[in-house]
Amino acid sequence: MSDITYGKVATFNTHPDASIPMESPLSVAFNTGSVPAATSGSRVLFKEQAFLGHLILRGGAIVLDEAVRKVLGISLPGQPLGLALDASGERSVQWLSPDEWLVIVPGGEEFELEQRLRDALGDAHYAIVDVSGGQTLVSLEGEKARELLMKSTNYDVHPSRFPVGKAVSVVFGKSSLILRRPSEERYELVLRRSFADYLYRWILDAGAEYAIGVEQ
Amino acid sequence: MSQVNRLRQGGRIDRARTLSFTFNGKRYQGHAGDTLASALLANGVDLVNRSFKYSRPRGIVAAGAEEPNALVQLGSTEAAQVPNVRATQQALFEGLTAQSTNGWPNVQRDVMSLVGKLGGRFMPPGFYYKTFMAPASMWMTYEKYIRKGAGLGRSPMENDPDSYDHLNQHCDLLVVGAGPTGLAAALTAARAGARVILCDEQEEMGGSLLDSRELLDDRPAAQWAEQVISELAENDNVTLLPRTTANGYHDHHFVTLHERRTEHLGETAPTIDGVRPTRSRMHRVRAGQVLLATGAHERPLVYGNNDVPGNLVAGAVSTYIRRYGVVPGNKLVLSVSNDHAYRAALDWDEAGREVVAIVDARRNPDGELVEQARARGIRIIEGAAVLEAKGDKRVSGARVATIDAAAFKVTGQAELLECDTIASSGGYSPVIHLASHTGARPTWDDEILGFVPSLVKGVHAAGSARGVHDLAGGLADGAAKASEALAALGKSASAIEPPRADAIREGQACALYQVPHEKPTLRAPKQFVDMQNDVTAAAIELATREGFESIEHVKRYTAMGFGTDQGKLGNINGMAIAARCLGKSIPEVGTTVFRPNYTPVTFGAIVGRHCRELFDPERYTALHQWHVENGAEFEDVGQWKRPWYFPKTVNGKQESMDEAVARESLAVRTGVGILDASTLGKIDIQGPDAREFLGRVYTNKWAKLAPGRVRYGLMCKDDGMLMDDGTTSCLGENHFLMTTTTGGAAGVMEWLELWHQTEWPELQVTFTSVTDHWATMTVTGPDARKLLSEITDIDLDREQFKFMDWRNGKVADVPARVFRISFTGELAYEINVQANYAMHVWKTLFEHGKKYDLTPYGTETMHVLRAEKGLIIAGQDTDGSVTPEDLGMFWAIGYDKPFSWIGKRALTRPDTARKDRKQFVGLKPVDPKVVLEEGAHIVVDKDQPIPMDMLGHVTSSYYSPNLESGFALAVIKGGRDRMGETLYVPMPDGQAHEVEVVSPVFIDPKGERQHV
Amino acid sequence: MFYIHCPYCDEYRDEEEFHPKGQAHIARPEDPESCTDEQWGAYLFFRDNPRGIHHELWVHAIGCRKFFNITRNSASYEILETYRMGEQPRFSAEHPEGKSAEQGAAVNVADEAGVVAGQEGVKA
Amino acid sequence: MQRYSGFGLAKHALSHHENWQRQWRNPTPKKQYDVIVVGGGGHGLATAYYLAKNHGITNVAVLEKGWLGGGNTARNTTIVRSNYLWDEAARLYDHSLDLWKGLSQDLNYNVMFSQRGVMNLGHTLQDMRDIQRRVHANRLNGVDSEVIYPDQIKEIVPVIDTSKRARYPILGASWQKSAGVARHDAVAWGYARAADALGVDILQNTEVTGFKIRDGQVYGVHTNRGDIESKTIGCVTAGNSGVVAKMAGLTLPLESHPLQALVSEPLKPVLDTVVMSNHVHGYISQTDKGDLVIGAGIDGYLGYGQRGSYSTVEHTLQAIVEMFPIFSRVRMNRQWGGIVDTCADACPILSKTRVKGLFFNCGWGTGGFKATPGSGHVFAASLAKGEMHPIAAPFSIDRFNTGALIDEHGAAGVAH
């Protein structure tokens, strides 16, 4: 049974045992839209990291911090707009609001992680919500990645204002997304599933003059 | 074609690159570096347009953004047309094609000019308000002919082949204007390490330095500019934006900069390195501080026939000579009120053409430039001005006389000077537009005879923009103000050491705006103030006589300053004339208010990429591609694309919507159908107080809903009106999953947070949107259980899994939550799976569904089915004025809940408590073939004359293949007491449909089918 | 185009990320049932609408999704302060230059780690 | 009053226009008036005119803090229509439309009321339901209104994009042929001149700074030019109504917001009717001078600055270019903002107050210009009789306590 009740809250493992085909939020874009290949002239590279585990944590920072450190080995970013990664860079915790964080882990880890966090958190008031099916992570790299972002969001992405280790929710085109700076050379975008096709088209359009390439 | 006015040398044009262009059908040549205006002047083209109202011949007056006359229609193809391009700001490119915006059949021989000549007198300001009133019925006819004269250029009639984009920029200091002041400011800030944006509207940065006679550090001023620009270009923190106009200042230092990226290259964007750049780009700049180094516009003098081609502002003459190597005439009369403008005569003289005279309004002018002119033997007529220009399509002479400016009269005998060019200068108006976009009113400065900007915190003006007109002063001021601006940001920047400029001693200017004439203004030759709108000094005088005393009234009555130049040349003169007429001073008459844009901006640039397929996001569900592949027609619901219906093609003919809906809805009632319900909003709610919270925001009770159960809820605003509805499931004691309407999802989410954060923060509860995480598939119809049982491990036994229960399990091997709720009235299961697996589950359902003829249906069938069952759609059957009581949903109103839930109190207000409010009912047309029109109104007496007393309206109406009849839902005054009554629905054709008021539940009133 | 300091994100963000939600400090009456129709009408619809200093509720809709208050001049559009729910403004029509820091709690500072949003206070 | 006519104009031309008279006097305030109208915009001037003309009350002062017609009258997009949903609103606006039809002749001032038709587009099925509902209601209320479909729309407006290519294709529209536009400034000036001729004192640069109230009865105002007495005072101050009400100790159920508009450069005629879209949110018409006049929705915050947010302008032009892709290369000349006083139900307030003798006419939101004659007409009748005119009565302030709102938000298309 995939459902386990932790006290008074139901958890749910969304993943099947069998190998079932999955479709990412960008599947319509990739299947039916334009998918320009990366070339040596591409000054922006777009790459989806599909099917990761995405969890929303809600609650007090002190309580959550202890549990997250214990379970994930990452300190909960306490300062606004913080982004913390583990050594491998595969797991991250991002500040979303004073009582809300986004955890991203390799796909399939999220349910076990949720259980371990719940075990660690006990009776405190908190919430953990699996949103893995609702969003996808995309990375943008290349010398013109920042300029592409400037076309799309009014957030100041200058390195002095948007250094490594920062993550923000921003207006992007006429939609919104989460913008992260996990490393010097890479930006990450977290797209909402239903807006993914629009955002993809927006990014391709904005990136056309930089010969944007898409790696699937 | 020879460039008759092109000097053999000089100017910043590239003589090696000759460019051909066409103006009014004739081919000409110019050079790279020319503007269209300089190229036309080089070719001796005097007449470039006809005026708007009087069709008078007009020539080029200025050299920049202030030009009122030289507006052209650009473009050789229909799609490339651009109306009203200022020739003074359009760079010349190979093949440029332009024509005058006015003049028929052509600008040389304009039929309307006759009307202008004869009718001019009959068209004073306010002309339209005083005529065309009789007979009343004729106005539309009169107007039709009036409209024929409307407009300058024309809109393209084909779609734009170019694209546009935005770039969001941030900086510490935005410097507007790259003349001496702006360059000194930018350099100061850049050397201090600040993030700097420097923009300039011209093709080339440098501003007045590009045509200056002065030396900086003993070198031509332009060389200093080049050196500074190259230093700035090297600096990573500096963004240089030439060809970029700062058009609007919008609160908190948000400034729009319009960069013309390709307009100097061609009429449409060319392909460069395989990429077609956007035609223009809007930089949306958020600056820490803003420094306006926007310079000043020279004011022409207002004298008789000052609009005849060959009349220019003095500075423009210098610009054309020094920057473009073009001298726009042979014999010059220069009429001035100040020293600075003497440069025009010196430049003209050096170009080897004749300066007939300098007419100076001052007695005994004695500045250095005056001395230089004297030394060259140029005749200077003191205490005098040009009263009137002579000539028709080109100046042929200037009537000059001594005047008493203060007494506004001509004191001497007029002398006619033969000339072909009159240049004038009445002083310099700081360019304060951006500063006044903030709403800050500028103030008049008697010292500089101009308005200086009032500045909001963080906006600075420097140099000419605040009346510091001399070069050395402007350089120092730019550096100092940049340093001040950065200090306001807590950054220290020492002002750069400006280059050495030789101070030129200038005499005091005198105040002269309108030049007196021997005849009174109303009888004198037309003295133009605003050339683009044909506003004369006489018009202003007349307006003041008629009681228009506020400058705003004068402007509106005469249309002064409403042109595409926004009165850059004329407004101050106009105000001075109004002040003279009213016997007041200029500041008493009022200040001038400018609005964005500084110069007109292409719609496309403001729109950016938010057009066509990117106009608004299209939201897709996880099953979107299947819907497309299976021929769905889509309905726009909010931003979502939802399948509307799935037409089948039978014998090569595609079903109509009615046919498809009939088939789909019968399938659900008799077999099994499937709907993609993923767009419904879904909110995960957790916390010990989740249940209490639900009880406060929903009208009904939540205290006892057990895990595994689902309940329908109504949500009101505190005015008692329904805002949304949906089901909420109890997942655990402290855990709920709320659903909302598709359109209401974001609003409900914010609503819950609003109440939690601002009213009840003590409640321990959290809300998280999971709309996109889950895909929702509704399998419904009598065969739903059979179908689902084939691919699920959930026990679907009717006793084990009841209506309004939910269960966990696997569907098509994928973990799923299945909710037994029904929006069709049939047996129904809503299957929720993680969206990445949705397509697999959906397709598996169809594999197994073949034998049941599983039928996909869309929103239209969904609407029919729910309406048959009397279920509302919030937003369709309700409109913001409907309470739960109006809907008759008393079963969903917890009157006795301890907490006064949102909306409860409002229900007892006198109007909300009325018994005869519009109430939700069903309507059955007496003729079953009739399908009532949604939105039609209902009356008691079909024969009542108009206005009729309306009881209410049809909110939903369909043909039901199940009922074999049309049926409708409606809201009707006192409807619940009207059951069985016959009412009428009057139609535009005079017919009235007879309807019976019935229960809104048309099918299975006992609910047996959904419980099977 | 306002540039608004979000008191939770602790940085200036563009107006397009925020939604205005009307006059601030309008608390729902404690006991709605005992309100007269006039009192209920006043709560729902009647507003100060001043030309000058105005306290208003905004939400950082695309951002941290938190509600907070702004003291803004409705004529000049200058923002004098932003403050969190439950805090009182320093600037008001009575104190256009601002109360001293001890008297008013509202300051533009970051949320410190460990503060639970659920305890941040109320509109009134 | 010097009568205006084509013949008179010709006569003046021959004398070089030296004999035109003032269009209105510049009088000194009297100590006392029978009625004071606070606010010299279109509505206030119309109120004064109808007081004098229809009710014989000529001892009237109009107090204007700036220049007459200088508020929203000077800043709106001049649309006149009456196809409102609810009976009460339809009656009010249609009464106004009737007055518009003869207004130029009545005032002897050409207000250029041009019945070029107004179209409200529908882009979704729900839009179309709302349009049907409104048009049906209009028809039964005797208001000219019909539903038209893309082919007819294209015929009336050849330059509009009715193709399915659009993000939100046009599905249909409501069409009020008798609606149109008028010359906004001329309306204020025409009323001012006509009212002045009947003896009304129009006092510009006269700002009310307080009310004189005794025992719940108003008996005058304080102004920057001294006290002026009257026991009947009508406040018609649009965006500033909240500020004025506060001087009398009143709070009103409204908020003042910026409403922006913009114009293109003048173009040769290309659009001969008014096109409005609620869904993509923009509206557009072309003046007799050739400018495209464009407007949209209000900014969401309180604002007296006569300017709003740039993003609103962006969204508006996106909508315009979506509907009219050919305008992409046309250029925007100027933008500005007004201050609109909006009620929760998008309907005005025409009401007595708890201060006896003090009346308010406000809350017109984005739709005041079109109502100018009707508003002045029924408000004048109400001031003259001391009782609200039947057409005005439903628009009482009390409705916000009883709940009897007239919700024109719900289904009225764009509320302009």
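Each chain gets a letter, A, B and so on, in the order the sequences are listed, and its residues count up from 1.
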Taking side chain as C-beta onward, heavy atoms only, is A:Arg58 less than 4.5 Å from B:Gln686?
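When only atoms from C-beta onward are counted, B:Gln686 and A:Arg58 do not touch, as no gap falls below 4.5 Å.
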Heavy-atom check, side chain of A:Asp17 versus side chain of B:Lys810, under 4.5 Å |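 When only atoms from C-beta onward are counted, B:Lys810 and A:Asp17 do touch, with a gap below 4.5 Å.
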Give, as side chain, backbone, both or neither, the part of [X] having an atom under 4.5 angstrom from any heavy atom of chain B.
| X | result |
| --- | --- |
| A:Thr136 | neither |
| A:Leu199 | neither |
| A:Thr32 | side chain |
| A:Glu100 | neither |
| A:Asp205 | side chain |
| A:Ile56 | side chain |

Practice task
Could you walk me through whether B:Asp772 and A:Gln135 pass the side chain to side chain contact (heavy atoms under 4.5 Å, CB included) test, one step at a time?
Solution key: CA-CA 7 Å; B:Asp772 286 39; A:Gln135 52 200 41; over 6 Å; no
Note to self: Between A:Lys174 and B:Phe615 (side chain of the first, backbone of the second, donor and acceptor by atom type, cut-off under 3.5 Å), is there such a pair?
What the structure shows: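 Indeed, once roles are kept as given, a pair shorter than 3.5 Å links the two residues.
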(Q) I'd like to know which of B:His283, B:His610, B:Gln639, B:Arg276 tops the heavy-atom pair count under 4.5 Å against chain A. (A)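 Maximum pair count with chain A is reached by B:His610.
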Requested in this report: May I ask you to decide whether A:Glu23 forms a salt bridge with B:Lys843, counting only side-chain N to carboxylate O separations under 4.0 Å?
Outcome: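 No salt bridge links A:Glu23 with B:Lys843.
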Looking only at heavy atoms and a cut-off of under 4.5 Å, which of A:Gly134, A:Gly133, A:Ser27 has the most pairs with chain B?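 Answer, by heavy-atom pair count under 4.5 Å with chain B: A:Gly133.
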*Evaluate the criterion salt bridge (charged side-chain N to carboxylate O under 4.0 Å, His left out) for residue pair B:Lys641 and A:Asp197; output intermediate values, then yes/no.*
CA-CA 12 Å; B:Lys641 287 283 181 190; A:Asp197 194 79; over 6 Å; no
